[in-house]
Every structure is written in C-alpha cells, then in structure tokens.
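I have placed the structure first, in the form of structure tokens, so that the comments after it can refer back to it.
Throughout, a chain's letter reflects where its sequence line sits, starting with A, and its residues are numbered from 1. What's counted below: heavy atoms across the whole structure, side chains too, no hydrogens, waters or symmetry copies.
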Number of protein chains: 2
Amino acid sequence: MQAVEALVTQGMPIKRGDALYRAGEPFKALYAVRLGFLKTSVISEDGREQVTGFHMSGDLMGMDAISGDRHTCDAIALEDSEVCELPFSDMEKLSRQIPALQRHFYKVMSREIVSDHGVMLLLGNMKAEERVAAFLLNLSRRFQTRGYSSTGFHLRMTREEIGSYLGLKLETVSRTLSRFQDQGLIKVQNRLIELTDVCALKQVLNNEQGA
Amino acid sequence: MQAVEALVTQGMPIKRGDALYRAGEPFKALYAVRLGFLKTSVISEDGREQVTGFHMSGDLMGMDAISGDRHTCDAIALEDSEVCELPFSDMEKLSRQIPALQRHFYKVMSREIVSDHGVMLLLGNMKAEERVAAFLLNLSRRFQTRGYSSTGFHLRMTREEIGSYLGLKLETVSRTLSRFQDQGLIKVQNRLIELTDVCALKQVLNNEQGA
DNA sequence: CGGCTTCTTGATCCTCTTCAAGGGTGGTGG
DNA sequence: CCACCACCCTTGAAGAGGATCAAGAAGCCG
C-alpha cells in the first residue's frame with residue numbers, strides 16, 4: 001500500500017468550471033477525487049449533452065478512457081476540487097504485483113457498471129418524481145458514507161445539470177422539487193436541500209401510495 | 001494464450017429461454033458468448049424490468065457481478081446459445097502473469113462503461129424515432145463486425161424487450177418500425193429486418209432534416 | 001450596485017403511454 | 001399434415017406526463 005501512496009504524490013487542484021479532462025484527449029491517468037465535486041458528461045454528434053455522473057471524494061474517474069486510449073467524456077469541476085493523478089501504466093504494473101489492488105480495480109470498474117445499470121433503469125422506467133426522489137436519496141446516501149449529513153446538503157450542480165442526468169428538462173426538475181416541498185418531503189432553498197421525510201421519499205421511489 | 005484456452009475447455013449450452021445466471025446468485029465466473037443471443041436485465045424493487053443489454057458471440061458477460069460477488073442482473077438466452085465459462089479467480093491469477101490479458105480485461109470493462117454511457121445518452125436525450133434508429137444501426141454494426149450481413153438480420157428479441165431496452169413501450173416500437181417502413185428506410189417482416197437506407201437512418205439519429 | 005446566470009411558475013402543445021381490439025405466427029399435439 | 005392455441009405484433013383512439021415557450025424573480029459574482 002506504500003507503493004500505491006508513492007504514486008499519488010501530490011494533490012492536483014482543479015478550479016470550479018475547469019476541466020479535469022475532455023473527450024478526445026489522450027488517456028494518461030485515472031483520477032481519484034480527494035475533495036470537491038465534479039460532473040462527467042458525454043456529447044452526442046449533434047451536440048446534445050448527457051451528464052453521466054456526479055463525482056465526489058473517494059470516487060475514481062477516467063475509467064471510460066481505458067478502452068480506446070482516449071477520454072470519452074468531459075470531466076468538469078462543479079466546485080474547487082482536488083484530485084490525485086494515478087498514472088495508468090504504473091497502476092497496471094503495480095496491480096500485477098499486488099493481487100488485492102488488482103481485485104480492487106476490477107471491483108471499482110464493476111461497481112461503475114452496476115451503477116450505470118441503475119441509471120438505465122431510472123431513465124428507462126421511472127417517472128419524473130421517481131427520478132428526482134432517487135437522485136436525492138442517492139446523494140443522501142453518498143454524503144452519509146463520507147461522514148456528512150445525509151439529510152441536509154448543498155447541491156453543487158444546476159437544475160439543468162440535474163435534469164440532464166435524469167433525462168428531464170430543468171423546469172421539470174424545479175417543479176418536482178417544489179412539489180416535494182409542498183408535500184413536506186423536503187425543504188428547498190435554492191441549492192440547499194433538506195430531506196424532512198426520507199421514508200416518504202423512498203415511497204415515491206417505490207411507487208407506493210400513501211398507504 | 002494457451003493458458004487461457006486451457007481454461008475455456010468446453011462450451012456450455014444454454015437453451016432458449018433459460019437463464020445463464022440470475023440476479024442474486026453468487027459470482028463464480030465470467031462468460032464469453034460463443035454462439036447465440038442473450039439479454040441481460042435488472043429488476044427494480046417494485047418489479048419493473050429494464051433490459052440492460054443484448055449480447056452476441058464474442059461478448060463477455062457477468063462483469064457486473066465482480067463488485068458485490070453476486071450477479072446483479074438476469075442473463076437469459078433469446079435463442080439456443082453456447083457460452084464459455086471463465087472462472088474468475090483463475091482469470092485473475094492468469095491476468096497477473098500475462099500483462100496483455102490484464103490489459104485486455106481492463107479494456108473490455110472500460111468498453112462496457114463507455115457503451116452504457118451511450119445508452120444513457122440515448123435514454124436521456126433521444127426521441128422514440130432516434131432511439132429505434134440508433135438501436136438498428138448498433139445491431140447492424142455488431143452483425144457486420146461478426147461477418148454477418150449488416151443490412152439484413154433477424155431480431156432475436158420481442159418488441160417488448162426492444163422497448164424495455166430503449167425506454168419505450170412495445171406499441172411505440174412497433175409503430176416506429178412501421179413508420180420507418182412507410183418512409184422506405186427499412187423493411188420489416190415480423191422479426192426480419194432489412195435496412196434499405198442506412199444513410200437516412202443515420203440522419204434520423206442525428207436529427208437532420210431531409211436536406 | 002449592476003449584469004448575468006439560475007431558478008420558479010404558468011399556459012400550451014406534443015409525444016408517448018395507455019387502453020382496446022383484431023390479426024398474424026410459430027410451435028405443439030393430435 | 002393439419003388444426004389449435006398461446007404468444008406476439010399491429011393499429012386505432014383517447015389520455016397523461018413532460019417539453020416547450022414565456023415572463024418574471026432571486027441569487028451570485030465581479
């Protein structure tokens with residue numbers, strides 16, 4: 001594990017709005033988020049943007065670039081952030097020597113695939129309210145895992161970016177948040193979110209009537 | 001490479017309708033499709049199915065299971081198929097000894113992630129016609145890669161399964177195919193598809209008017 | 001403070017879903 | 001070999017959910 005830490009020498013700061021990498025750039029390294037918040041998005045040939053993920057401390061980014069030796073999406077910092085650069089060729093070598101590391105890598109990539117399948121389920125099957133509820137609960141869980149409050153947090157992304165991720169227009173996101181607030185499920189004050197009834201949110205997700 | 005082939009001893013037949021694996025089953029092996037056609041799908045807590053992929057010869061399946069040591073989706077054969085079982089622990093060991101194999105694995109998993117991002121773009125941004133066009137062109141390309149005709153092929157899945165994959169209802173899929181046929185882009189005869197105007201299909205995808 | 005981006009909310013429109021019915025196809029068993 | 005049955009597909013009509021268009025308000029940054 002020392003060997004791993006030797007690689008991740010110094011943190012690399014990314015200012016809000018700046019790109020960690022962009023689609024088309026040659027692949028050199030993976031990046032572990034140390035601090036901050038980033039989004040990744042792909043752009044279709046005709047210019048439509050799809051946000052493919054939001055990333056926070058502990059997340060590993062750039063795995064999409066392994067297959068084609070080029071990044072396939074843009075990674076943009078949504079707030080001032082810091083990442084560790086993990087040169088991929090070094091990681092490969094090291095993971096051959098350290099079975100646990102190799103396994104870890106496989107698992108991280110696998111988790112990404114599973115997570116993407118979850119998003120596909122969301123995009124393919126869910127209604128707007130369910131999508132937004134799923135989004136809030138997912139964020140909540142991830143903040144909790146990192147030791148932050150699971151019920152009160154600051155959204156780092158715009159309504160438009162949420163909408164892009166969820167396959168909705170920004171107006172729909174805004175309306176849905178307002179409706180949740182009217183129903184007493186959450187409190188919204190611009191980008192400040194408080195989940196006041198997590199159970200009810202989960203019921204929205206599971207399509208349960210107020211039984 | 002001999003060592004790899006030693007692992008993949010005999011093919012394992014899967015009859016149409018049978019499951020190669022099911023969500024929740026413990027993870028033992030990855031599977032390389034030798035022959036045939038399968039689908040994978042995840043089921044939400046409240047029972048909705050989302051088809052996450054269609055798989056044909058050469059595809060590697062089961063990578064979602066690495067992260068949690070359990071399969072997270074069902075894999076069902078849509079026609080009589082044959083797969084090779086690749087015990088994962090063996091593959092791990094071997095990939096430590098053979099750098100090219102390790103790299104290959106990383107690439108395959110990365111490709112899966114990239115492909116999923118493409119589906120997210122499709123589900124999040126595209127209209128029904130664009131989705132169906134993208135679907136047909138994707139199948140076309142994959143058949144071509146495998147040496148089959150890129151313009152005439154047999155769909156192994158039902159309209160409902162296509163719809164689930166594309167985030168549409170089966171009626172919408174059926175209507176869209178009919179419309180494409182009326183417009184002279186394709187010929188449909190039940191599950192037999194012929195692409196008669198690939199260029200026009202690509203224009204549908206890119207949202208171009210008949211300029 | 002001023003300008004800009006972002007957010008909210010309303011009204012209308014459009015696409016896809018839902019509901020419904022009929023017809024076709026393939027597979028099975030007599 | 002033919003008939004039957006279950007499943008699948010097509011098509012129509014009505015309805016709903018979200019998109020689009022539009023305007024104004026609020027927050028943020030320089």
Side-chain angles (χ1 to χ4, degrees), chain A residues 15-18 37 39 48-51 76-80 122-136 154-183 186-193 204 207, chain B residues 15-18 37 39 48-51 76-80 122-136 154-183 186-193 204 207:
Chain A
K15 273 213 285 277
R16 174 182 158 174
D18 284 356
F37 206 90
K39 70 166 177 177
R48 286 175 283 193
E49 178 188 27
Q50 171 73 33
V51 171
I76 310 286
L78 297 180
E79 63 177 1
D80 291 352
L122 179 147
L123 291 171
N125 276 296
M126 295 190 185
K127 299 210 178 299
E129 292 202 345
E130 301 173 305
R131 297 186 196 193
V132 175
F135 172 71
L136 292 174
H154 185 104
L155 298 178
R156 268 69 175 206
M157 69 294 279
T158 67
R159 303 286 191 263
E160 186 169 17
E161 286 160 340
I162 298 173
S164 172
Y165 182 62
L166 298 178
L168 302 170
K169 292 298 161 185
L170 69 97
E171 294 96 326
T172 305
V173 174
S174 178
R175 273 186 248 273
T176 305
L177 289 175
S178 297
R179 205 173 317 135
F180 282 169
Q181 180 166 242
D182 293 346
Q183 294 167 351
I186 65 176
K187 279 185 190 161
V188 190
Q189 191 172 33
N190 214 22
R191 300 202 182 175
L192 222 55
I193 297 281
V204 170
N207 216 2
Chain B
K15 273 212 286 275
R16 175 183 157 173
D18 283 356
F37 206 90
K39 69 166 178 178
R48 286 174 284 192
E49 178 188 27
Q50 171 72 32
V51 171
I76 310 287
L78 296 181
E79 64 177 2
D80 291 352
L122 179 148
L123 291 171
N125 276 296
M126 294 188 184
K127 298 208 180 299
E129 291 201 346
E130 301 173 306
R131 297 187 195 192
V132 175
F135 172 72
L136 293 174
H154 185 105
L155 298 177
R156 268 67 175 208
M157 69 295 278
T158 67
R159 302 287 190 262
E160 186 167 17
E161 286 161 338
I162 298 173
S164 172
Y165 181 63
L166 297 178
L168 302 170
K169 293 298 160 184
L170 69 97
E171 293 96 327
T172 305
V173 174
S174 178
R175 274 186 248 272
T176 305
L177 289 175
S178 298
R179 206 172 317 133
F180 282 168
Q181 179 165 244
D182 292 346
Q183 295 167 350
I186 65 176
K187 279 185 191 161
V188 191
Q189 191 173 33
N190 215 20
R191 300 201 181 175
L192 222 54
I193 298 281
V204 170
N207 215 2

Distance check: side-chain N/O of Lys169(B) vs OP1/OP2 of dT18(C), anything under 4.0 Å?
-> yes
Base, sugar-phosphate alone, or nothing: which one does Thr158(A) contact when heavy atoms must sit under 4.0 Å apart?
-> sugar-phosphate
First of Asn190(A) and Met126(A) reached from the 5' end of DNA chain D, by closest nucleotide | Met126(A)
Given atom CD of Glu161(B) and atom P of dC8(D), what is their separation to the nearest angstrom?
-> 8 Å
Is there a donor and acceptor pair closer than 3.5 Å between the side chain of Glu171(B) and the base of dC19(C)?
-> yes
Within this structure, what is the NZ-to-C1' distance between Lys187(B) and dT10(D), rounded to whole angstrom?
-> 20 Å
Rounded distance in Å - CD (Gln181(A)) to C1' (dT9(C)) = 14 Å
Rounding to 0.5 Å, atoms CD (Glu161(A)) and CG (Leu155(A)) come to a distance of 10.5 Å
Can you tell me how far C1' of dT8(C) sits from CG of Asp182(A), to the nearest Å?
-> 12 Å
Nearest-angstrom distance from the residue atom CG of Leu192(B) to P of dT25(C) | 12 Å
Out of Lys15(B), Arg191(B), Arg156(B), Arg16(B), which residue meets the salt bridge (Lys or Arg N to Asp or Glu O under 4.0 Å) rule with Glu79(B)?
-> Arg156(B)
Given atom CD1 of Ile162(A) and atom P of dT6(C), what is their separation to the nearest angstrom?
-> 13 Å
Rounded to the nearest 0.5 Å, what's the gap from CD on Glu130(A) to OG1 on Thr176(A)? Could you check?
-> 11.0 Å
When all nucleic acid strands are considered with a 4.0 Å heavy-atom cut-off, which category describes Arg16(A): base, sugar-phosphate, or nothing?
-> sugar-phosphate
Gly163(A) near the nucleic acid: base, sugar-phosphate alone, or nothing, with a heavy-atom cut-off under 4.0 Å?
-> nothing
Close side-chain approach of Val173(A) and Phe135(A), heavy atoms under 4.5 Å | no
Respond yes when some side-chain nitrogen or oxygen of Ser178(A) is under 4.0 Å from OP1 or OP2 of dT9(C), and no when none is.
-> yes
Does the dT25(C) base have a donor-acceptor partner in the side chain of Arg159(B) within less than 3.5 Å?
-> no
Over how many whole Å does the gap from Asn125(B) atom CG to dA19(D) atom C1' extend?
-> 13 Å
Ile186(A) has an atom CD1; how far is it from atom C1' of dT8(C), in whole Å?
-> 14 Å
Do Arg175(B) side-chain and dG12(D) base share a donor-acceptor contact under 3.5 Å?
-> yes
Taking the side chain of Arg191(B) as heavy atoms from C-beta outward, which of dG18(D), dT17(C), dC9(D) is closest to it?
-> dC9(D)
From dT8(C), dT17(C), dG18(D), pick the nucleotide closest to the side chain of Leu170(A)?
-> dT8(C)
Report yes if at least one side-chain N or O of Thr172(B) is closer than 4.0 Å to OP1 or OP2 of dT17(C); otherwise report no.
-> yes
First locate atom CZ of Arg175(B), then atom NZ of Lys169(B), and finally report the distance between them rounded to the nearest 0.5 Å.
-> 13.0 Å
